[in-house]
Novice: 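Supplied in structure tokens, the structure appears directly below.
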Amino acid sequence: MKTTAVFSAFVSLLSFASAAGASSKKSSASSDSSSTSTTLPATFKPPQVFKNANLVHVISLEKNYVKENINVLVENIDKAPQDEYFVPFTADQMSRLGGVEVKDRKDASAGPFVAEPVEFDQESDIQYLRIRLPKPLAPGAQQTLGISYYLLKAYKPLPASIKQEEQQYLTFSFSAYCSSAYTTTKQKTEVKFPSGNIPDYTKLPGSGDVSEFPQKQGSKLIYGPFDEKPAGAAQPVSVRFEFTKPVTHVSRLERDIEVSHWGGNVAFEERYTLYHRGANLSSLFNRVKWQQAQYYHPTTFALKELKFPLRVGSVDAYYTDVIGNVSTSHFRTNKREALLEIKPRYPVFGGWKFPFTIGWNSDAKNFLRKTATGGFVLNVPFLEGPRQPEGVEYEQVQLRVILPEGAENVRYHTSIPPSSITEAGIEIHKTFLDTLGRTALVIRARNLVDDFRDRDLVVAYDYPLLASLRKPLVVFASAVAVFVVAWIVGNVELKFDSPKK
Amino acid sequence: MRLLATVLSLVALLGAGPGGALAASAAAAGTKKSAEERFQLYHGKALSSAPIKLGDATYRELTAVPRDYAVAVLLTAMDSRYGCQLCREFQPEWGLLARSWTHGDKKGESRIVYATLDFTDGRDIFMSLGLQTAPVLYFFPPTVGPHAPASPEPIRYDFTGGAQAAEQVHSWIARHLPDRPHPPIRRPINWMRWIVTFVALSGGLTVSYVAWPYVLPVIQNRTVWAAVTLISILLFTSGHMFNHIRNVPYVAPDGRGGISYFAGGFQNQYGLETQIVAAMYGILALAGITLAIKVPRISDPKTQAVALFAWASVLFIVYSFLLSVFRRKNGGYPFSLPPFM
Amino acid sequence: MSADLLQVLASAGKGKGTRSLLRVIILALIAGAAVSSRLFSVIRFESIIHEFDPWFNFRATKYLVANGFYKFWDWFDDRTWHPLGRVTGGTLYPGLMVTSGVIYHALRALTIPVDIRNICVLLAPGFSGLTAIAAYLLTNEMTPSSSAGLLAALFVGIAPGYISRSVAGSYDNEAIAIFLLVFTFYLWIKALKQGSMLWGALCALFYGYMVASWGGYAFITCLLPLHAFVLICMGRYSTRLYVAYTTWYALGTLASMQIPFVGFLPVKTSEHMPALGIFGFLQLLAFLDYVRSAIPSRQFQTFLWLFAGATFGLGLLGLVIATSAGFIAPWSGRFYSLWDTGYAKIHIPIIASVSEHQPTAWPAFFFDLNMLIWLFPVGVYLCFQELADEHVFIVVYALFGSYFAGVMVRLMLTLTPVVCVAAAIAVSTLLDAYLNAKSPNPEEVQALESSEGKRAVKSGLRSTSKPVVGVYGLWGKGMVVGAMVVYLLVFVLHCTWVTSNAYSSPSVVLASRLPDGSQHIIDDYREAYQWLRQNTREDAKIMSWWDYGYQIGGMADRPTLVDNNTWNNTHIATVGKAMSSREEVSYPIMRQHEVDYVLVVFGGLLGYSGDDINKFLWMVRIAEGIWPDEVSERAFFTPRGEYRVDAEATETMKNSLMYKMSYYNYNNLFPPGQAVDRMRGARLPEVGPTLNTLEEAFTSENWIIRIYKVKDLDNLGRDHASAAAFDRGHKKKKATKKRGPRLLRVE
């Protein structure tokens with residue numbers, strides 16, 4: 001079965017014929033991993049061929065996930081041209097790392113560089129991310145890399161449990177020196193906070209004109225600039241800041257997109273497993289206080305509402321959970337917007353859980369195009385989570401595009417960072433009187449955040465006329481068969497009746 | 001429990017409750033005989049006629065502390081003036097219990113005395129106990145001796161749920177007299193009833209045997225059976241069983257002196273009401289039967305026309321009345337037919 | 001237009017084929033109407049399981065679908081009746097679950113992705129369509145005119161008495177049982193008329209299905225023998241009767257004994273004895289019949305008949321003796337309470353406490369049957385005309401059905417089919433008489449008269465002795481037919497109105513109207529259950545009154561102490577005691593039963609009548625039944641015999657756990673001294689109750705559901721009262737500090 005690297009721009013994945021036989025995610029997954037991370041010896045150390053001339057490390061804690069941005073000016077200090085730049089992470093960070101994107105700060109045209117985790121010794125605490133420069137960097141030459149990535153499950157509430165009307169504080173610890181595999185000449189780390197309320201943070205002895213780090217500017221803390229630090233230098237630092245907003249964490253999102261040619265309809269369904277990772281309640285939920293709080297100081301760290309801005313033209317949205325429809329939802333739709341506002345059955349506090357399901361329909365022609373060659377191209381957003389001021393993080397995402405029965409030669413392309421996609425494959429999905437079952441493209445991704453909502457997913461496939469006619473024929477034939485049988489049985493029954501009495 | 005009007009008027013000052021009564025009686029009993037003597041005395045009386053009828057003085061003496069025996073006193077109002085239904089219903093049961101218990105242990109091992117205090121004999125006691133209702137059954141546990149419980153306070157038996165059978169009271173008392181003999185209740189065999197039933201049975205048999213040839217056609221008459229069936233069906237479907245079970249009043253006075261035939265509300269009804277409804281059903285059914293069977297069989301066109309018209313209109317009017325009645329029972333019922341809109 | 005339509009219909013009416021085609025179409029339409037008239041709740045709310053018992057059936061069905069039949073058959077459920085558990089597989093009627101399980105798998109085989117919940121919700125309406133058809137068949141056995149059958153189908157389809165238990169979402173045994181009831185009766189009549197073993201066996205088959213589906217099967221078990229007995233007494237004994245009855249009894253009893261829950265009851269309990277007795281009696285009669293046919297002698301026959309009667313009497317006597325000696329269990333509570341109507345109230349308060357076991361007032365009859373209620377006697381009377389075996393059946397059924405319906409509200413269900421059949425016969429007779437276009441002309445009538453006059457019409461009703469001449473004059477016909485049409489229209493309107501207003505709310509979700517008339521959904525139950533399901537331990541034990549046991553099991557998926565399967569009175573009484581005693585008494589009980597959370601339903605804020613304070617007295621009574629010394633109903637009534645919750649409430653009431661849990665923290669919702677219970681219209685005392693051994697865990701949006709967590713033992717070893725007092729003590733000081741400025745008093 002032919003499977004080329006999933007990360008090349010346009011992957012022709014499995015042709016339908018072969019998919020029927022060998023459409024196991026397993027195989028495709030293995031092929032993925034083999035193609036992505038090349039295994040290295042356990043004693044691997046990145047060659048000291050680069051030096052970070054200047055490095056600015058921006059950590060933004062405004063959302064309930066951490067967005068880090070490393071802008072580094074790298075210089076090749078080796079004789080030979082080099083094209084592999086390594087970024088070290090701890091194994092723990094690696095597991096929570098997502099949405100890695102690397103580009104050249106100078107020319108955006110250079111496009112996203114390939115960044116993939118290097119797989120060597122699983123036990124080792126240091127894991128590396130390898131960045132392949134599109135063209136090797138000549139000796140002595142410099143290049144500005146902008147490395148941006150996200151860290152999920154980054155905070156711990158402190159105190160761990162509070163009263164329901166109190167304010168919530170989170171802590172985050174990191175290293176004041178940006179962890180790098182190379183010597184860093186000059187660097188500074190700046191941390192952005194949602195508000196200026198930062199009760200305590202680690203102080204460091206200053207250098208140069210600054211008496212002590214960090215300097216506080218409004219809702220910002222700036223460590224550095226520091227002078228030259230060796231490779232792998234670290235200075236643990238931790239900050240504690242107010243975050244009286246829900247720390248929403250979606251541990252698993254299952255998103256189904258079902259395309260129906262006969263109905264001319266695309267149906268979306270999303271199943272969320274939602275947690276609140278913030279502070280727990282020290283004393284159990286008190287309705288009186290809650291109702292009073294609604295009037296007096298409505299800012300709370302409980303999750304009260306989720307807003308889903310859907311694509312214009314979405315219709316008949318629904319919102320249910322395991323015991324049926326949830327009546328507390330609004331769906332306002334008009335020319336310009338289709339906004340689905342849902343409330344959980346109960347305010348979700350720290351440590352609480354609320355799994356739910358939403359879904360909606362949309363006219364196929366908003367997403368589906370017929371190409372000149374007779375194929376079809378489906379263009380849907382990869383992720384359409386809620387849009388919250390405090391942000392949402394997704395640990396596991398499974399996207400399932402269910403194409404009509406008999407669709408073949410499925411190819412797809414998406415603009416979310418390839419390193420987030422763990423596996424992709426073709427499955428067979430049987431519903432509504434299917435005989436062969438429908439072709440379903442399944443993509444699994446990890447560690448995404450709501451910044452990636454509305455990134456595109458383009459699926460191209462062929463759908464021959466015969467396949468579209470199969471079901472009506474089958475149904476008609478079976479109905480006829482049933483009638484014939486019924487008729488025969490009827491006659492038989494009469495004969496069976498007559499002798500007695 | 002019925003309220004005693006007279007007692008209400010009498011008991012202006014509320015007694016201090018049984019406790020107070022005890023305090024008072026203790027003083028009275030100081031000069032009197034010892035507990036043992038009293039028990040023997042009253043047990044003797046009881047043997048002759050249980051339960052003992054008490055007056056004010058005897059009551060105080062019997063229930064005086066200290067006592068090493070238990071006393072069960074029924075405070076009742078048998079006089080017809082007070083119209084205490086419950087008292088009269090319970091009296092025979094009480095007597096039966098007292099008799100069979102007392103004769104059950106002649107030697108008085110269970111050390112309990114059954115007594116009755118009628119309101120006419122013991123107004124003062126009723127007042128001092130602040131009783132406004134009757135009957136009331138007090139159980140005075142022994143205050144001294146091996147069986148004395150922690151609190152000497154008398155225990156009150158509540159008559160919620162109407163008159164109790166002797167067995168229930170028996171078990172109640174038995175619960176309060178642990179590890180002492182509990183003589184069972186012996187209901188006397190009602191010879192009279194047996195005889196009557198026997199005679200009636202034999203008589204019925206003979207009569208039926210004699211009258212068989214005359215009765216037979218009636219039994220085999222289909223119309224009779226039809227009538228019986230229909231009547232019982234009408235009874236059941238008009239909620240007769242409800243009356244029987246809930247024993248609802250036949251009619252109830254409305255506020256303005258008159259009587260209201262129809263109970264308000266969906267879930268209750270009066271006896272008369274159900275009969276009216278049954279009658280309406282009956283008329284409707286009759287009209288239906290006549291229209292279905294009789295009218296087409298009338299050979300003379302004139303009579304047929306008249307009958308048809310009459311019955312059809314009866315059907316229509318009664319049905320509309322039925323609807324209006326139902327609308328009264330069930331507010332917000334939208335449908336109705338003329339003339340009773 | 002309509003004219004030629006009539007033409008077409010008339011011409012269509014001619015051919016037999018077209019007639020049957022029309023009939024099929026009409027039946028299909030009626031079934032459609034029956035189904036669609038039950039969908040109000042789905043349209044108004046959603047596809048949701050209703051009320052209480054259905055939630056258990058739903059849960060059991062899911063278990064069956066998930067684990068297969070054999071696991072289901074010996075399913076021991078340790079998540080109910082903690083710590084006892086329940087042998088669910090052996091203590092339920094599996095028919096309902098198996099039915100929907102089969103449907104589910106069939107649809108799956110067709111790769112139709114239908115949710116098991118939707119099958120359960122729509123099962124009852126679907127079967128009601130079948131019931132209509134069964135009623136059609138049954139009625140056709142009664143009368144030659146086929147219009148009666150169609151009318152009966154229509155009546156059964158939309159009669160509220162049946163709709164009340166079969167709207168979409170009321171997924172209860174009755175949902176399929178009524179169809180089985182009617183169809184079994186149809187098969188019985190068929191077997192009796194033809195004296196055919198085949199039909200008898202079919203009857204037994206469906207009887208077995210019925211037994212597997214509903215406890216009400218005893219109704220059939222008693223009715224068929226009764227019918228047979230009446231026939232015998234009427235001297236209608238025949239081989240047909242013999243064949244039909246014996247086949248049914250032998251096979252049916254065997255079939256019924258296959259159900260674990262029934263087991264050997266058919267040979268042990270008295271409610272099955274009539275069937276057995278008649279079976280033996282029939283054998284005897286058959287024998288005598290044979291002998292009589294062999295030896296033709298008048299006296300001998302009479303002797304034989306006496307002999308038969310004597311044996312029957314002896315058998316009866318023996319039965320009585322066996323019962324009193326205890327070889328045969330006497331009538332079990334539920335059945336017994338049907339005969340001795342006062343019995344349940346005294347001895348089985350649990351049965352008496354259920355609202356649907358109350359007697360029926362006449363408005364309920366009219367509400368559920370409207371005009372059928374007076375057409376019913378007409379139909380029964382018509383059955384007396386030519387009193388064939390099947391008509392006897394109708395009469396017997398009518399009598400007993402109406403008696404039972406009068407005694408118990410829920411048995412209205414078993415009455416409804418016969419009412420519909422009888423009424424249909426009546427209406428069709430009326431219409432047949434008044435709808436034929438040709439009037440008789442007097443001369444022929446006279447001729448007929450004279451001819452009829454000769455031969456005396458004997459037997460039958462006096463009223464039918466004269467011959468039928470028909471109705472003269474169109475206007476008379478027009479009047480009667482017009483009136484009938486009006487009545488029928490009113491009937492349809494009534495049914496629709498009743499269904500949509502009374503029987504279509506899934507008591508799980510409450511609907512209220514906002515000032516602007518729009519519907520507002522009150523969803524507190526599911527809010528609280530979902531909270532329990534998501535935010536408590538998987539095996540947290542929930543204590544609540546038994547009404548909510550099934551819902552907690554189904555929606556919150558948590559173990560409960562008691563539920564609606566009230567098989568263990570003592571356990572229920574224990575919960576009742578815990579609810580109605582002081583905290584110091586309740587806490588040990590709750591600890592002993594490992595209770596983690598206590599759930600109460602409180603309607604005070606919303607004016608919701610079905611709450612626990614209103615059910616409280618039953619808890620007290622049931623507890624008192626077991627612990628008469630510790631719980632006394634008297635103590636919950638004020639000296640003036642009132643049941644109050646305000647300041648005048650008795651101390652016992654105020655200290656009871658239920659009272660405290662209901663009103664805990666409630667008065668903080670109002671300005672001081674303004675707290676009002678909207679349900680009971682009572683002004684509550686200034687200071688609310690205090691809880692020491694429990695802490696409020698969750699309260700739903702409208703306060704309907706309140707959940708409390710049972711505190712663990714105090715880790716300083718104090719008892720909870722002092723511990724709580726200690727905490728409060730601090731608060732008190734703070735409170736006293738910020739008191740308003742004192743008023744200057746001027747002497």
Side-chain angles (χ1 to χ4, degrees), chain A residues 164 258 273-276 280-292 294 318-329 343-356 402 405 428-438 471 474-475 478 482 493 496-497 499-501, chain C residues 45-49 55 107-108 110-114 117 121 193-199 506 508-509 511 519-536 551 554-557 605 664-670 695-703 706-709:
Chain A
Q164 80 190 36
E258 186 158 10
T273 315
L274 182 143
Y275 288 90
H276 187 309
N280 296 3
L281 284 179
S282 58
S283 69
L284 293 165
F285 178 65
N286 180 331
R287 175 65 65 172
V288 178
K289 280 187 192 167
W290 175 255
Q291 279 172 342
Q292 286 161 352
Q294 294 305 301
Y318 57 89
Y319 165 39
T320 67
D321 64 11
V322 64
I323 52 176
N325 173 45
V326 188
S327 53
T328 53
S329 66
K343 287 190 179 63
R345 287 191 187 270
Y346 44 85
V348 182
F349 284 94
W352 288 11
K353 176 186 174 193
F354 184 70
F356 64 95
I402 300 167
E405 186 175 19
I428 294 300
H429 178 70
K430 273 197 169 221
T431 72
F432 290 114
L433 304 172
D434 285 345
T435 40
L436 296 176
R438 315 191 174 192
K471 181 168 295 175
V474 169
V475 171
S478 42
V482 168
E493 213 241 346
F496 179 72
D497 223 355
K500 68 173 189 53
K501 93 156 77 72
Chain C
F45 298 95
E46 60 189 275
S47 148
I48 183 180
I49 303 292
W55 276 103
L107 290 178
R108 275 304 156 116
L110 291 174
T111 69
I112 295 179
V114 56
R117 190 189 76 240
V121 166
K193 280 170 103 177
Q194 302 191 356
S196 103
M197 265 190 173
L198 174 70
W199 288 103
V508 179
V509 185
Q519 191 184 41
H520 175 242
I521 301 282
I522 296 169
D523 210 353
D524 282 33
Y525 280 96
R526 286 192 292 178
E527 176 187 355
Y529 290 144
Q530 175 73 339
W531 181 85
L532 273 176
R533 188 184 189 116
Q534 301 302 342
N535 303 320
T536 60
Q551 289 186 348
M555 283 189 262
D557 185 27
L605 181 63
Y664 181 71
N665 241 338
Y666 183 59
N667 52 354
N668 298 348
L669 206 58
F670 299 84
E695 54 185 332
E696 183 177 6
F698 186 81
T699 299
S700 65
E701 187 182 358
N702 302 300
W703 290 66
R706 308 199 64 184
I707 300 172
Y708 290 85
K709 191 180 200 314

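Side chains included, hydrogens not; waters and symmetry mates left out as well; all remaining heavy atoms used.
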Novice: Look up atom CH2 in W352(A) and atom CD in Q534(C), then write down how far apart they are to the nearest 0.5 Å.
Specialist: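 The CH2 atom of W352(A) sits 11.5 Å away from the CD atom of Q534(C).
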Novice: If you measure from CZ on F432(A) to CG on L110(C), what distance do you get to the nearest 0.5 Å?
Specialist: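 The CZ atom of F432(A) sits 12.5 Å away from the CG atom of L110(C).
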Novice: Restricting to non-hydrogen atoms, name the atom on D434(A) and the atom on T111(C) that form the minimum distance, rounded to 0.1 Å.
Specialist: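 Shortest heavy-atom separation between D434(A) and T111(C) comes out as N-OG1, 3.2 Å.
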Novice: Please state whether the side chain, the backbone, both or neither of P347(A) comes within less than 4.5 Å of a heavy atom of chain C.
Specialist: neither
Novice: Does the side chain to side chain contact (heavy atoms under 4.5 Å, CB included) test come out yes or no for Y708(C) and L284(A), once each step is laid out?
Specialist: CA-CA 9 Å; Y708(C) 290 85; L284(A) 293 165; over 6 Å; no
Novice: Quick check on the interface: out of F698(C), Y666(C), F45(C), Y529(C), who has the most heavy-atom pairs with chain A under 4.5 Å?
Specialist: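 That would be F698(C).
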Novice: Return the OG1 to CD distance between T328(A) and E527(C), rounded to the nearest 0.5 Å.
Specialist: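 The OG1 atom of T328(A) sits 8.5 Å away from the CD atom of E527(C).
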Novice: Using a 4.5 angstrom heavy-atom cutoff, name the option from I48(C), D557(C), D524(C), D523(C) with the most pairs to chain A.
Specialist: D523(C)
Novice: Between atom CD1 of I323(A) and atom CD of Q530(C), what is the distance when rounded to the nearest 0.5 Å?
Specialist: 4.5 Å
Novice: Check each atom of N668(C) against the heavy atoms of chain A and say whether the ones under 4.5 Å are side chain, backbone, both or neither.
Specialist: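 Contact with chain A is through both the backbone and side chain of N668(C).
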Novice: Which answer fits E46(C), side chain, backbone, both or neither, if we ask what part of it has an atom under 4.5 Å from a heavy atom of chain A?
Specialist: side chain
Novice: Determine whether E696(C) and F285(A) satisfy the following criterion, side chain to side chain contact (heavy atoms under 4.5 Å, CB included), listing intermediate values before the conclusion.
Specialist: CA-CA 7 Å; E696(C) 183 177 6; F285(A) 178 65; over 6 Å; no
Novice: Heavy-atom cut-off 4.5 Å, strictly under: side chain, backbone, both or neither for R533(C) against chain A?
Specialist: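 R533(C) touches chain A through side-chain heavy atoms alone.
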Novice: Any idea which of N286(A), T435(A), V322(A) has the most non-hydrogen atom pairs under 4.5 angstrom with chain C?
Specialist: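 Winner by heavy-atom pair count: V322(A).
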Novice: First locate atom CG of N535(C), then atom CZ of F349(A), and finally report the distance between them rounded to the nearest 0.5 Å.
Specialist: 11.0 Å
